[in-house]
2 protein chains.
Amino acid sequence: MPQLFFVPGPSATYFTLEDHLKSALKEQVMAISHRSQAFKDLYQNTQENLRSLLEIPAEYEIVFTTSATEVWDRMAENLVDETSLHFVHGSFSDKCAKAFQRLGKKAEIITAEAGKCAKFEGANIRQTPELIHFTLNETATGVKHPYADMQKAREQFPNALMALDVVSATPTTPIDFQQFDSVYFSVQKCFGLPSGLGVWIVSPKAIQKAEQLTADGKVYPSYHPLLELVEKSKVYQTIETPNTLNIYLLGKVAEDMLRKGVTQIRREALYKKTLLQKLFTDHPQLSPLVTEADLQSDTVAVANVEGGSAPLIEYLKSKQMVIGAGYGKAKASQIRIANFPTHSKEQIEYLVDLIMEWRI
Amino acid sequence: MPQLFFVPGPSATYFTLEDHLKSALKEQVMAISHRSQAFKDLYQNTQENLRSLLEIPAEYEIVFTTSATEVWDRMAENLVDETSLHFVHGSFSDKCAKAFQRLGKKAEIITAEAGKCAKFEGANIRQTPELIHFTLNETATGVKHPYADMQKAREQFPNALMALDVVSATPTTPIDFQQFDSVYFSVQKCFGLPSGLGVWIVSPKAIQKAEQLTADGKVYPSYHPLLELVEKSKVYQTIETPNTLNIYLLGKVAEDMLRKGVTQIRREALYKKTLLQKLFTDHPQLSPLVTEADLQSDTVAVANVEGGSAPLIEYLKSKQMVIGAGYGKAKASQIRIANFPTHSKEQIEYLVDLIMEWRI
């Protein structure tokens, strides 16, 4: 019997995926050369659908990487000479900051306790950052970083590049791209696609910085330098033979989402989020990890479970419903529930009803 | 109407692919967490099938990268401090050598003219290499490097790591892994899978070298260091969320090939290779690029076309048969035809008949 996956990524696949896989076979997407016109057309279609769906400005470039994890390295290599600033409220924002440190950058880290947001306001910043990294939606803790706080950082450091991790947020949480220079996500979260593809969107200011660092001989010459990724992308090409199937599927799902309307997707997400947060407040053995409403993620709901999360996870599994455990150290004490576009209102309602009936 | 792809990768997908995609949907392979037991089981199954099919020794480690192109960087970063030696008889072996140079290594290059093999025997080697890189099957020119020549290099430089590009050769051309330390391929060639996955097989000697370089602080600290790839792989895990679908599909196709028998695959390849090389000799407007029989690739046949390759390629396209143009500078003057396991004897016979009927 099929299971319903509410783990925050990989998660349930988008409900149209099966049809698109059939089309991919029919259109022989997996057999075409990545240097053919058929590939270029496919790539262009995906770029254009993404640009429409996410309202990406025309002067911003969209490139494909192999994962969001790869983007951490590529940002550190291509966009920073010495200094960066990171706001860490969970394992993923922490891993990003550590990637910059590992690659020799002076990455200053502002941290918050679990369930709180590491904010710029009130933080004691010791160095002038070349790049400021925010995590819009921390998948480990379900914390959303408010845009108003990022705005303050931008005002204080107008020369810094603004980087935004939207891995599990987009397209549900809106993004004003004009305020950011480096925005990235992976496709196995809200887009409900097979994993193995990252999407990195860069502003002209980010490209200028990469050009300057390249001219100064300061960019690590990997096989995926930003400037070459951009140059290839402009002619709908890639450096190596890419994950063509996923690029195709992303274009198709973006088209489905455009047809449904991103406003509708966001409206439904808000309804489902409200149900989940109400559940965490109402259920006697659950409590929300994130208590401040404006910090609660639109797409990942995290709760503490009295007595540990394993019995609840097992109970749901017996009903063919798979939710996530807490991340890392919180594995045994928390649950995480994804509220992605493919998770219908009815599915979340049913899940909430099941959990409300449960007692240890 | 579907086309039949004989381009040397991406090429026709393996004939069982559609069934395995259906199983992947049914088994919810694309929805499971990459930290789950279901993923570990899937990963282990693929590893074990590959180990059986390719007869990989138990003490060798198998890790997954995002492409063979990535492996070039990872070899230069993890296996070489200063010096490497490369035998270049086409664009891909050349790109590999250039990757080592780009990353600051003293990569000595021995080149050959088109259609010939850059051999160790008779070459004037100026430096002692830490790693010697061979390309078993140069996809750009269809040149096979004879093992006997590699053996001479091994004897002269017993301390060097022996690296072997088998991108478009495996599993058709046999490999004696005990003679090599770093062997890699991508899955969109002989395995007939969607692109987006590289497979890298390393010996204990290669791991020891990476350990020594790591201890000396000489390994570039990317997100994919060899030692961490190996450590994760031992527990059937990956560093980032990987291309789970492709890892699954590779395991399934390896199983199909085990059932068919690798001996049978090799026997058929030899028959098809003979047909293609005979065609190149018999047809008045074609001539084989590789004239020495022991240098002719088992899987990629390349011919010069009198008057240019475009008319022949177009003629075949009108018959729904897609063959490859020459690579790079040879695009307009040559054709390349893949002879991969999914290309049946009947398909190659039909292709050969069609080409024999063709005149400019």
Side-chain angles (χ1 to χ4, degrees), chain A residues 2-5 7-13 17-18 21-22 24-36 39 65-70 72-73 77 95 99 102-104 186 188-189 192-198 220-224 239-247 322 324-325, chain B residues 2-5 7-13 17-18 21-22 24-36 39 65-70 72-73 77 95 99 102-104 186 188-189 192-198 220-224 239-247 322 324-325:
Chain A
Q3 295 180 300
L4 207 43
F5 287 86
V7 181
S11 193
T13 51
L17 180 70
E18 187 163 351
L21 278 173
K22 282 180 191 159
L25 283 165
K26 201 174 159 200
E27 296 172 30
Q28 301 187 289
V29 164
M30 292 168 264
I32 59 171
S33 163
H34 60 297
R35 301 297 176 217
S36 68
F39 176 85
T65 65
T66 57
S67 64
T69 302
E70 187 195 345
W72 296 338
D73 274 29
E77 289 168 347
K95 282 181 184 180
R102 170 167 46 73
L103 294 174
S186 49
Q188 73 274 15
K189 311 283 184 181
L193 291 174
S195 48
L197 187 71
Y220 178 75
S222 84
Y223 78 107
H224 264 185
I239 292 169
E240 81 285 14
T241 316
N243 188 333
T244 303
L245 175 61
N246 251 6
I247 295 174
V322 183
Chain B
Q3 296 180 301
L4 207 42
F5 287 86
V7 182
S11 194
T13 51
L17 179 70
E18 187 163 351
L21 278 173
K22 281 181 193 159
L25 281 166
K26 200 175 160 200
E27 296 172 30
Q28 301 188 291
V29 164
M30 293 168 263
I32 59 170
S33 164
H34 59 298
R35 301 298 177 216
S36 67
F39 175 86
T65 65
T66 57
S67 63
T69 303
E70 187 195 345
W72 295 339
D73 274 29
E77 290 167 347
K95 282 182 186 181
R102 171 167 45 73
L103 295 174
S186 48
Q188 74 274 15
K189 311 281 187 186
L193 291 173
S195 49
L197 187 71
Y220 178 74
S222 83
Y223 77 106
H224 265 184
I239 292 169
E240 80 285 14
T241 316
N243 188 334
T244 303
L245 175 62
N246 251 7
I247 296 173
V322 184

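Please read these numbers as outputs of a predicted model, since none were measured by experiment. We name chains A, B, ... by the order of the sequence lines, and we start the count at 1 in each one. FYI, side chains are in, hydrogens and waters are out, and symmetry mates aren't considered; it's all heavy atoms of this structure.
Heavy atoms of A:L25 lying under 4.5 Å from chain B belong exclusively to its side chain. At a 4.5 Å heavy-atom cutoff, the contact between A:E240 and chain B is made by backbone and side-chain atoms alike. Contacts between A:L197 and chain B at a heavy-atom distance below 4.5 Å are absent for every atom of the residue. With a threshold of 4.5 angstrom between heavy atoms, B:L21 approaches chain A through side-chain atoms but not through N, CA, C or O. For B:S67, the part lying near chain A is the side chain, with the backbone staying farther off; criterion is any non-hydrogen pair under 4.5 Å.
The residue from A:S11, A:S195, A:P10, A:P194 that alone fulfils the side-chain contact (heavy atoms from CB on, under 4.5 Å) condition with B:M30 is A:P194.
Ranked by heavy-atom pairs under 4.5 Å with chain B, the first of A:G9, A:G324, A:G192, A:S222 is A:S222. Heavy-atom pairs under 4.5 Å with chain A peak, among B:R35, B:E77, B:K26, at B:E77. Most heavy-atom pairs under 4.5 Å with chain B: of the set A:L193, A:I32, A:V322, A:L245, this distinction falls to A:I32. Between chain B and the residues A:P2, A:P8, A:S33, A:A99, the most heavy-atom pairs under 4.5 angstrom are made by A:P2.
In this structure, A:Q28 contributes its side chain and B:Q3 its backbone to a donor-acceptor pair below 3.5 Å.
From A:N246, atom CG reaches atom CG of B:N246 across 9.0 Å, with rounding to the nearest 0.5 Å. In this structure, NE2 in B:H224 is found 7.5 Å from OG1 in A:T69, a value given to the nearest 0.5 Å. Between B:T244 atom OG1 and A:Q188 atom CD the span is 8.5 Å, to the nearest 0.5 Å.
Remark: B:Y223 engages no residue in a ring pair (Phe, Tyr, Trp, His ring centres under 6.0 Å) (not counting sequence neighbours). The side chain to side chain contact (heavy atoms under 4.5 Å, CB included) test applied to B:P221 returns A:R102, A:L103, not counting sequence neighbours.
Here the closest non-hydrogen pair linking B:A12 and A:A31 is CA-CB, 4.2 Å.
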